[in-house]
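Below: the structure, in structure tokens.
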Number of protein chains: 2
Amino acid sequence: MDSFKNNVKNIINEVCPISELAFEAIEKYLEFESYAKGADFISLNKENDKEYFMLKGICKSYLINPEGDEITISFYVENSILSPHSIRTSNMKANQYFKALTNVELASINASKFEALMIENLEIRNFGNVVLQKELLSKVDKEIGLASLSAKDRLLKFRRKYKMLENLIPHGAIASYLGITNVSLSRLRKE
Amino acid sequence: MDSFKNNVKNIINEVCPISELAFEAIEKYLEFESYAKGADFISLNKENDKEYFMLKGICKSYLINPEGDEITISFYVENSILSPHSIRTSNMKANQYFKALTNVELASINASKFEALMIENLEIRNFGNVVLQKELLSKVDKEIGLASLSAKDRLLKFRRKYKMLENLIPHGAIASYLGITNVSLSRLRKE
DNA sequence: CCTGTCCATTAACAATTGATAAAAAGCAAC
DNA sequence: GTTGCTTTTTATCAATTGTTAATGGACAGG
């Protein structure tokens, strides 16, 4: 069996264990993809019909504000699941960008196919809903941080959530995630 | 027919039109609820198994930060749909509070029942997914604002999104939504 | 009417964060 | 290594936002 599929199984079971049978229903539709550092593998207003598992590397989701700056929404690291298709897609088009911050390896599955599997299989439906909830909770958690913590406390929180990430990716991406300038980030780091 | 059910039909069709037949499947499970100003009708870590339509009044979703302050996550106004059950519930328990900021009237439907309707009926499934996406887009939009706009611009954005709300609810709830103190909000308002 | 409470405003000062520019450090291509 | 390019740090000053405390208004209950 392709070893990346085994990787996907581990990722799924880490989030919400499913039976071997349920996994087999998913497995046969999995495909492998890889992108070079710097590539936007999902782009705003472009069609995209996949769910993704992060096998290797780091990526960010982001949007561009009126001033033209890339504002990081979230980071995704090795052995995790990308934001579900349903919430990053409106009218068949992506509502945000996803950029590879290092070389990345992904497993993908057609989103319509996965939706069908969710409908016909209770375990897969539960798994999908857990992913959705985790993504949402993470958003609410970040929102609360942005609304009620100082920049320094947000940085500390970022370090707890994404251990090791601070030295692997451009600080500009972290600064916009924290809602500060990269100069301010550098100042906070010195402490 | 109970007139509040007609209200619900209008709210649904405003978001994502469905057929008369699909609405009838929902209609028979609708119930009416009302709460007095100040009531928490959903509480953190308490069980809740309903989807809600806002018929009358204003409410906020919020969390309490370590300092004990209520941090507003979002506002919900008349003729809109509350954040879907699946994203405000983890392990059967609510992951945030919802408080009535005025007297409110709601229509509710059992969430498991609604999930079943989503599975068996394509129109209802589409409707449910549109609600989910709208909620998410609204969150991303707010996140971008918190991360990249000044407090003044966030206030302007709030005014555009929630016309008229500024004079109807306590400013403390608005300030924490904007991520500033109520003193700062008062200062910005003077301009 | 008076009282107490809650909420919004104002003021003065402190702390945080931003803007700009210059210097230093990394890093890839040659 | 050297050259360019980008990223990070540092410094200075300005602007924004927070903190604390005092003031005044709105309003319900007596």
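Per chain, numbering begins at 1; letters A, B, ... match sequence-line order. Only a predicted model underlies this, so the values are computations on that prediction, with no experimental measurement involved.
Close to C/dT16, at under 4.0 Å from its OP1 or OP2, lies no side-chain N or O of A/Ser150. A sub-4.0 Å separation between OP1 or OP2 of D/dG18 and a side-chain N or O of B/Thr181 is present. For the pair B/Ser186 and C/dT9, the criterion of a side-chain N or O lying under 4.0 Å from OP1 or OP2 is met.
Atom CG of A/Asn167 and atom P of C/dC27 are 11 Å apart (whole Å). Here C/dT10 presents its P atom at 12 Å from CD of B/Glu191, a figure rounded to the nearest Å. As rounded to whole Å, 10 Å separates atom P of C/dT9 from atom NZ of B/Lys190. Note: CG (B/Leu188) to C1' (D/dA15) measures 13 Å, nearest angstrom. We find that CG of A/Leu178 is positioned 13 Å from P of D/dT8, with the value rounded to whole Å. Atom CG in B/Leu155 sits about 14 Å away from atom P in D/dT16, given to the nearest Å. Summarising the geometry, the separation between CG on A/Leu149 and C1' on D/dT17 is reported as 15 Å, rounded to the nearest angstrom. Rounded to whole Å, atom P of C/dA11 lies 17 Å from atom CG of B/Asn182.
Comparing C/dA11, D/dA11, C/dT17 by their nearest atom to the side chain of A/Arg187 picks out C/dT17. Of the candidate nucleotides D/dT8, C/dA8, C/dA21, C/dA21 has the atom lying nearest to any side-chain atom of A/Val183. Residue B/Ser184 has its side chain nearest to D/dT17 when only D/dT17, C/dA19, C/dT10 are considered. Considering only side-chain atoms of B/Ile180, the nucleotide from D/dG18, D/dT10, C/dT9 that sits closest is D/dG18.
Salt bridge present: A/Glu20 and A/Lys9 bring a charged side-chain N and a carboxylate O closer than 4.0 Å. Under the 4.0 Å criterion applied to side-chain N and carboxylate O atoms, A/Lys50 and A/Glu33 are assigned as salt-bridge partners.
When side chains are defined from C-beta on, A/His171 does not count as touching A/Ser186, because their heavy atoms never get closer than 4.5 Å.
Because its NZ or CZ atom is not both nearer than 6.0 Å to the ring centre of B/Phe75 and within 45° of the ring axis, B/Lys161 does not count as a cation-pi partner of that residue.
Within a 6.0 Å sphere centred on CD of B/Glu166, other residues, nucleotides and ligands contribute more than 12 heavy atoms.
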